Amino acid sequence: MAAPIVSGIAMLLKGFDQTYSPSLYNDDIEQVIRLSADDIDPPGWDSEYGAGRVNARKALDYLRGPYAMGRWEETGGSVYQTTENFKGNFYSLPGAPDGYYVGKRYEVRRSVTFPTEFSNIVGAWGRGLATTGYDWTLYNDNFAMGYCEVVPGTLTLTGAIVRTWVYEIAMLPSGAYYGWYPARPENVTFACTVLGIPAHLYVSILGPDRLSYGQTGTWRAGAAGGSGDYSYQWYVSVDHGLSWTAQGTSETQSWTMDGSTIIERVDVHDSITGEDATASFYVYPYVIGIKEEASLSIPKTYRLGQNYPNPFNPRTEIRFELPKQSNVSLVVYDVLGKEVARLVDGPMNAGYHHVSWNADRLSSGVYILKLRADAFVDVKRLVLLK
C-alpha cells in the first residue's frame, strides 16, 4: 500500500535534483527516503512500519542547506574474511554463462575519509551502480549487481569502513574455471555517499552553464554548513572577473544572455558564525541558427582560466578556451615536476571547454597545471587543501 506514496516521493526527489543539485543515484534516493522517515514505536526497523512513516518535506529538506551530500570513489581494498567452497547460482556475469558455480567468496573492506568535514552526519551508504563488487548472495543467487555498504558501527564524523564482496569461481559440474568476478580485491572500486551538515560554511552555484541569445537563466546558491542563517550578495562580470557589478541579495539570481561570456559570483555570509564563502560560475553563449552571431560561441584567443575553487578539496573545475581546433594537453604536475594527472591529451575543437578534476588520491600541497595547445602554453598554480 505504501508503494505509490514512496514512488511519488522518489519522483519529487529526482525532479528537485535535476533542477538544483548533482545527479542522484538510485541508492541516494532510497537512503534519503529511509533516513527522513519518522520512526514509529517500537524504535528502529519493525515489520509494521519498516523504517518508519515517510516524510516528503523532510526528504526534500535533506537536498538543500544546511545539509550537503558528498560523493566519492576509492579503488583497492583488503580481504577481511574468506568463505571457502562457496556454492551458488550466478546470472548475467560478463563472459560467463548463467549457472551453478563453486569457489571462494571474499569480503573486501577499505577505510575511507569523507571529502569534507562534517559537524553532523545524517547517514552514509554505498552506491551499487558505481561499485566494482557484488553483494553477498543472501539466498546463494547472485545477479551481478554492484553493491557496497558501510560496515555497521564504523561511521564517524570523518569517515567509515566500507565493504563489498568478490568471487573466484568455477562452474559445476564441469569444473571450468572462470576466475575473479567482478574484480580482484586490489581492483575493487567502492562508491559511497555521505549526507550531513558540513562543519564549515561553503557554497556552490547551481544552474545552466550555457544560454542561447536572449534566453534567461536562473542560478541558485547551494550554501551548506555553518548555522544555516545565510545572507547573499550576487555579482556579475562580463570581462572575465576584471570588474564586478552588484546584483541581487536573494538565494537565486537571473540573467538574460546578451551574447557575452559572463561570470556569476555569489558571496555568502553566516550571520551567527561570522563565516564567509564565495563561488563563481562561468556562463557561455550558445547560438543556434543565427549565422551572423555564430562567432560569439568561438573565443578569439587561447586562454587558460584559474581553477575554481582554489584552494580546493578534492574537486575543482578547470576552464580553457581554444580559438581554433588544436592538439591539446592539459597536465598536472607536483612541485618537483612529476606528472600526477593527465586530464586532456589529443585534438579538441574550437570553443569553451571545462574539465572537472578529482584529486582525492593526492596529498595536500601546491600543484602546477600546464595547458599546451599547439604553440600556446600557459600554467596555473593549484592548491589542494585537505
Side-chain angles (χ1 to χ4, degrees), residues 17 21-32 68-83 86 88 90-96 101 103-116 121 123-138 142-152 154-156 158-169 178-196 312-317 332 339-345 355-363 384 386:
D17 160 70
S21 63
S23 180
L24 295 179
Y25 286 76
N26 60 320
D27 288 304
D28 295 335
I29 292 176
E30 176 185 350
Q31 295 301 324
V32 167
M69 189 177 291
R71 302 185 184 89
W72 75 101
E73 298 179 10
E74 300 278 0
T75 300
S78 301
V79 174
Y80 179 76
Q81 61 182 356
T82 306
T83 302
F86 168 82
F90 282 83
Y91 304 94
S92 302
L93 290 177
Y101 289 82
K104 296 180 180 181
R105 177 174 61 199
Y106 300 84
E107 180 182 338
V108 184
R109 294 189 176 190
R110 182 184 177 100
S111 179
V112 298
T113 301
F114 296 147
T116 189
I121 289 182
W125 55 89
R127 302 193 313 274
L129 286 177
T131 293
T132 308
Y134 295 154
D135 63 18
W136 60 287
T137 61
L138 181 62
N142 193 302
F143 295 90
M145 297 178 64
Y147 183 81
C148 174
E149 69 176 9
V150 174
V151 176
T154 67
L155 179 61
T156 69
T158 59
I161 297 175
V162 293
R163 65 183 176 186
T164 188
W165 285 264
V166 299
Y167 299 82
E168 187 180 15
I169 55 175
Y178 281 90
W180 292 86
Y181 279 92
R184 300 180 66 92
E186 61 269 23
N187 296 325
V188 166
T189 297
F190 299 89
C192 309
T193 299
V194 59
L195 171 66
F312 66 99
N313 178 28
R315 292 184 179 273
T316 190
E317 295 290 325
V332 182
E339 180 179 322
V340 297
R342 183 167 289 267
L343 308 180
V344 178
D345 189 6
V355 175
S356 179
W357 181 42
N358 185 347
D360 59 348
R361 295 181 179 86
L362 297 177
S363 58
L384 175 61
K386 293 187 173 181

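Remember, it's a predicted structure, so these values are computed and weren't measured experimentally.
The structure places CG of Asn358 at 11.0 Å from CG of Leu343, a figure rounded to the nearest 0.5 Å. The CZ atom of Phe190 sits 11.0 Å away from the CD1 atom of Ile161 when rounded to the nearest 0.5 Å. Put simply, OG1 on Thr113 and CG on Asp360 are 10.5 Å apart, with the number rounded to the nearest 0.5 Å. Rounding to the nearest 0.5 Å places CZ of Arg71 at 9.5 Å from CZ of Arg315. In this structure, Thr193 OG1 and Arg127 CZ are separated by 4.0 Å, a value rounded to the nearest 0.5 Å. Here CD of Gln31 is found 10.0 Å from CG of Asn26. Values are rounded to the nearest 0.5 Å.
Exactly one residue among Tyr178, Phe90, Trp136 makes a ring-ring contact (aromatic ring centres under 6.0 Å, His included) with Tyr167. That residue is Phe90. Partner Glu107 forms a salt bridge (Lys or Arg N to Asp or Glu O under 4.0 Å) with one of Arg110, Arg109, Arg105 and no other, that one being Arg109. The only option from Tyr134, Tyr80, Trp180 that meets the ring-ring contact (aromatic ring centres under 6.0 Å, His included) definition with Tyr106 turns out to be Trp180.
Thr131 places no side-chain N or O within 3.5 Å of a backbone atom of Gly133 that could act as its donor or acceptor partner. In terms of modelled atom types and a separation under 3.5 Å, the side chain of Asp27 and the main chain of Gly128 share a donor-acceptor contact. One N or O on the side chain of Thr164 and one on the backbone of Tyr147 form a donor-acceptor pair closer than 3.5 Å.
Closest of all the heavy-atom pairs between Val162 and Cys148 is CB-SG, 4.1 Å. Between Ser92 and Ala144, the shortest heavy-atom contact is O-CB, 3.6 Å. Val150 and Ala160 get closest at one heavy-atom pair: CG1-CB, 3.9 Å. Residues Glu186 and Thr75 share a closest heavy-atom pair of O-CG2, 4.3 Å. Closest approach of Pro314 and Leu384 over heavy atoms only: CA-CD1, 4.3 Å.
Residues Val108 and Trp165 fail the side-chain proximity criterion, which asks for heavy atoms closer than 4.5 Å. Side-chain contact check for Asn142 versus Tyr181: every heavy-atom pair is 4.5 Å or farther apart. Looking at Ile169 and Leu93, their side chains come closer than 4.5 Å, going by heavy atoms from C-beta outward.
Relative orientation of the Phe114 and Trp72 rings is perpendicular, given thresholds of 30° and 60° on the angle between their planes.
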Worked check of side chain to side chain contact (heavy atoms under 4.5 Å, CB included) between Thr132 and Asn187: CA-CA 8 Å; Thr132 308; Asn187 296 325; over 6 Å; no
Worked check of side chain to side chain contact (heavy atoms under 4.5 Å, CB included) between Glu30 and Trp125: CA-CA 10 Å; Glu30 176 185 350; Trp125 55 89; over 6 Å; no
